Undergrad: 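Once you've had a glance at the structure underneath, I'll fire off some questions.
All chains are named by letter (A, B, ...) in the order of the sequence lines, taking the proteins before the strands, and each is independently numbered beginning at 1. Just so it is clear, the model here is predicted, and its values are computed rather than measured.
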Amino acid sequence: MKGVMLTRFPEARIIDLTHEILVHWPAEAGFWLHRSYRSFPVGTVHVAVVDPGVGTGREVLAAEVDEHLFVAPDNGLLAPLLDRHVGAHVVAVDLARPELRLGAVSDTFHGRDVFAPIAAELASGRLRLDQLGKPKSDWVPSWLEEPTLKAGEVTGRVLTFDNFGNIITNIDGESIASFGSAVVRIAGREILLRRTYGEVAPGDYVALVNAFGVVEVARAEDSAAVGLRVERGAPVSVATKS
Amino acid sequence: MKGVMLTRFPEARIIDLTHEILVHWPAEAGFWLHRSYRSFPVGTVHVAVVDPGVGTGREVLAAEVDEHLFVAPDNGLLAPLLDRHVGAHVVAVDLARPELRLGAVSDTFHGRDVFAPIAAELASGRLRLDQLGKPKSDWVPSWLEEPTLKAGEVTGRVLTFDNFGNIITNIDGESIASFGSAVVRIAGREILLRRTYGEVAPGDYVALVNAFGVVEVARAEDSAAVGLRVERGAPVSVATKS
Amino acid sequence: MKGVMLTRFPEARIIDLTHEILVHWPAEAGFWLHRSYRSFPVGTVHVAVVDPGVGTGREVLAAEVDEHLFVAPDNGLLAPLLDRHVGAHVVAVDLARPELRLGAVSDTFHGRDVFAPIAAELASGRLRLDQLGKPKSDWVPSWLEEPTLKAGEVTGRVLTFDNFGNIITNIDGESIASFGSAVVRIAGREILLRRTYGEVAPGDYVALVNAFGVVEVARAEDSAAVGLRVERGAPVSVATKS
C-alpha cells in the first residue's frame with residue numbers, strides 16, 4: 001500500500017496508526033480512527049482496510065469530517081464516526097472513474113489496488129471528494145450498538161484491549177460526566193472510577209476515563225484483560241456510587 | 001539502520017515492507033521482495049537482511065531489475081528474483097571501496113554497518129551499481145526448489161503464512177492459468193480453486209490465486225494455517241478438476 | 001504521538017526505534033536509546049515514553065548529550081546515559097511554560113499530550129533546551145546497578161532479549177577488552193566468548209561482544225533465551241579463561 005501511495009504521491013508522509021487490531025472485525029479499526037483523527041493535521045487522509053468483504057459487492061466510502069478525509073469499506077467501520085456527524089460529506093466511490101486510473105484490481109488485496117490509490121489521489125489534491133462518486137446518506141451500521149442510558153447508569157460493551165492489557169469500552173466519558181463519584185461494573189466486580197493509574201497500588205484495578213475519552217478498566221502495572229478474562233463485546237456499566 | 005540511512009541521505013523516504021518473517025530463513029524475505037517490488041516507485045532501493053551468515057565470508061549482492069535496485073546477502077534470498085531475470089545487472093559489493101566510507105564494521109549487525117550505508121549511497125545517487133563492485137553472474141541458489149509441472153498438475157511448497165493465517169505457496173498463478181476448473185491438494189484435503197474469500201461461507205476453506213500472483217489457501221474469516229496445521233515447505237499441488 | 005508531532009512540525013522525519021520492549025520497565029527503553037542514538041543524525045530528538053508514573057508527580061527530563069537531544073520521564077530511563085556524561089545539559093521541563101502551548105493534558109497519555117509536543121518544538125528549532133525549564137543535576141537512578149568488576153571477572157545482569165532470542169546483558173565490552181580469551185557464565189553454563197554467530201554450529205551457544213558494545217549470549221540459528229530460560233535481571237559474569 002505504501003509503495004502504491006508513494007508512486008502516485010512521492011511527497012506523502014505516511015503514518016501507521018495501528019496494525020494491532022482484530023482481523024475481520026471492523027469495529028476496532030473504526031474506534032481507533034474515530035478516537036485519534038483529531039491528533040493529526042487538518043487535511044490528513046485516514047485509510048482503514050479491515051475488509052472481510054473484499055472482492056464481493058461491498059462499496060467503498062470516502063468522507064470528510066472536521067476537515068479530515070476518510071476512506072474505508074462500507075462495512076460498519078466508519079459508522080460510529082459518521083453517525084455522530086450528521087450532514088458530513090460522504091460519497092460511494094465509483095471505481096470505474098477514469099481519473100482514478102485503477103488498472104487491474106485484484107480480488108483479494110483492495111488495500112493495495114483500491115484504497116491506497118484513492119487515498120493518494122485525495123492526499124495529493126489531484127482529486128476532490130466530490131469527484132470520486134455520488135453522495136451517500138446511509139451506510140452499513142456499526143458492529144456494536146451504542147451504550148444505553150437509564151437514570152444514573154450507562155451500560156456499554158468492551159471494545160478492545162491495548163498493549164498494556166487495559167480494557168477499553170465504548171462508554172463515552174461525557175455520558176457519565178454528571179455522575180460525580182462512580183463505580184464500573186465488569187466481570188462481577190465493582191471498580192471505583194478514578195483519574196489515573198498511579199492512584200492505586202500495583203496489581204490493583206482502577207477505572208478511569210482514558211485519553212481517548214472513553215471508560216477504561218486497568219490494573220496498575222499489570223494486565224486487566226488477563227486478570228478479568230473478559231472478551232470483546234462483554235457488558236460493562238458505570239453507575240453513580242450509592 | 002534507519003538512523004544510518006538518514007545520516008547519509010536525509011531526504012530518504014524509508015518504508016518497512018515487513019519484519020514479520022521467519023528469522024534465519026532467507027526464502028521468505030526473498031518472496032515478499034520479489035512479489036512486492038513492482039508496487040514501489042521506479043528507482044526504489046530494496047534492502048533485505050535475513051542473514052544467518054553475518055560475520056562470515058558470505059558476499060553482499062547489489063542488483064538492478066526492472067529499474068529497481070536490490071541489496072541483500074548472497075545467501076539465496078535474491079535467487080528467485082534474479083533467476084527470472086537473466087542478464088540483470090548484478091554485482092558483488094566490494095566493502096573495501098573507499099567511496100563506501102564503511103568505517104568500523106561490527107561482526108554481527110551488517111544491517112546497520114554494511115547494508116544501510118550501501119542502500120543510502122545508491123538511493124542518494126552518490127554511487128551507481130557499477131561503482132560498488134565487479135559483475136557477478138552466479139549466486140547462492142534458492143532455498144525452495146521451483147514447482148514441478150506434469151500434465152495437468154503443478155506441485156510446489158508452502159512458503160509462508162500471512163497475518164490472517166492464509167497459507168501462501170510458491171506456485172505461480174500463471175502456471176495454472178490454462179487449468180480452468182481446478183482443485184488444490186494440501187494436508188490430505190481437496191479445496192476448490194475460486195476467485196475470492198467471499199465466495200465461501202465463514203469457516204470454509206477456499207483456494208485462489210492471490211494478489212501476489214501465487215496460489216493461496218485460506219479459510220473464510222478464520223485461519224487456514226491453524227486449521228490445516230501445515231508447516232513451511234509442506235507439499236501442495238494444483239490439478240485440473242476431473 | 002506522530003499526528004501531534006506532524007501537526008506542530010510537518011517536516012519531521014519520524015523513526016520508530018522500537019516498540020518491542022517490556023512495558024512498565026524503563027531500563028530496557030533506556031538501554032536501546034543509549035546504545036543506538038549515535039547511529040542517528042546529529043540534532044535528532046530521541047523520545048522515550050515508558051512511563052508507569054504517568055499522571056502522578058514525576059518530572060519530565062530533556063537533555064543534550066553529544067549533540068543529540070533526549071526527552072523522557074524522570075524515572076530512571078535516561079540515568080545510564082546521563083550518568084556516563086557528567087556535565088551534560090539536563091533540564092526539568094516546566095509544563096506550564098506558555099511557549100509549549102500544551103493545552104489540555106490527559107492524565108494517562110502524556111506521550112501524545114506532553115512528550116510529542118516537547119519533541120516537536122525541539123526538533124523544529126522553535127524552542128531550545130534552556131527555554132524548557134531549569135537545569136537539573138540529579139535524576140531518578142537506573143533500574144539496574146552497574147556491573148561490578150573484580151580481578152579478572154565482571155558480573156552484570158541480563159537486560160533484555162532481541163527478536164532472535166539472543167540474551168543481551170549490561171556488561172560493556174570495553175570492561176573485558178583486556179581479558180583475552182574469556183568465558184561467560186550464565187544459567188549454570190560456561191560459554192566461550194567468540195567473535196560472531198557463524199563460528200559455532202547451528203544449535204550451539206556462543207557469547208560475543210555485540211554490535212551495541214555489550215556482552216550477548218546467542219545460540220546459532222536458534223533462541224538462547226528459550227534454551228537457557230533466564231529472566232531479565234538474572235546474573236551473568238565474564239571471566240578470563242583459566
Undergrad: What pair of heavy atoms forms the shortest contact from Thr56(B) to Gly198(C), and how long is it?
TA: CG2-CA, 3.8 Å

Undergrad: For the OG1 atom of Thr108(B) and the CD atom of Glu216(C), what is their distance to the nearest 0.5 Å?
TA: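 Going from OG1 on Thr108(B) over to CD on Glu216(C), the span is 6.5 Å.
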
Undergrad: Can you tell me how far the CD1 atom of Ile15(C) sits from the CE atom of Met5(B), to the nearest 0.5 Å?
TA: 9.5 Å

Undergrad: How long is the straight-line distance from CG of Asp222(C) back to NE2 of His24(B), given to the nearest 0.5 Å?
TA: 7.5 Å

Undergrad: Using a 6.0 Å cut-off, check whether atom CD of Glu99(B) has over 12 heavy atoms from anything other than its own residue.
TA: yes

Undergrad: Determine whether more than 12 heavy atoms belonging to other residues, nucleotides or ligands lie under 6.0 Å from atom CZ of Arg229(C).
TA: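 For Arg229(C), atom CZ is not crowded (no more than 12 foreign heavy atoms under 6.0 Å).
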
Undergrad: Of all the heavy-atom pairs spanning Arg195(C) and Gly55(B), show the shortest one and how long it is.
TA: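 For Arg195(C) and Gly55(B), the tightest heavy-atom pair comes out as NH2-O, 3.3 Å.
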
Undergrad: Just by modelled atom types, is the Val54(B) backbone N or O under 3.5 Å from a matching donor or acceptor in the Thr196(C) side chain?
TA: yes

Undergrad: Looking only at non-hydrogen atoms, find the nearest pair between Ser39(C) and Arg112(B) and report the distance.
TA: OG-CD, 3.5 Å

Undergrad: Which bit of Leu208(C) comes within less than 4.5 Å of chain B, counting heavy atoms only: side chain, backbone, both or neither?
TA: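 Answer is side chain: those atoms of Leu208(C) sit under 4.5 Å from chain B.
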
Undergrad: Which residue out of Pro52(B), Pro10(B), Ala104(B), Gly53(B) racks up the most heavy-atom pairs below 4.5 Å with chain C?
TA: Pro10(B)

Undergrad: Look only at the side chain of Arg13(C) and the backbone of Arg13(B), and say whether a donor-acceptor pair between them is shorter than 3.5 Å.
TA: no

Undergrad: From Lys2(B) NZ over to Phe40(C) CZ, what is the distance, rounded to the nearest 0.5 angstrom?
TA: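 Lys2(B) NZ to Phe40(C) CZ: 8.5 Å, rounded to 0.5 Å.
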
Undergrad: Look at Asp16(B), Asp113(B), Asp107(B) and state which one has the largest set of heavy-atom pairs under 4.5 Å with chain C.
TA: Asp107(B)

Undergrad: Is it the case that over 12 heavy atoms from other parts of the model lie below 6.0 angstrom from the CD atom of Gln131(B)?
TA: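 Counting neighbours around CD of Gln131(B), more than 12 heavy atoms of other residues, nucleotides or ligands fall under 6.0 Å, so yes.
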
Undergrad: Chain C heavy atoms under 4.5 Å from Ser106(B): which part of the residue, side chain, backbone, both or neither?
TA: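 Ser106(B) touches chain C through side-chain heavy atoms alone.
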
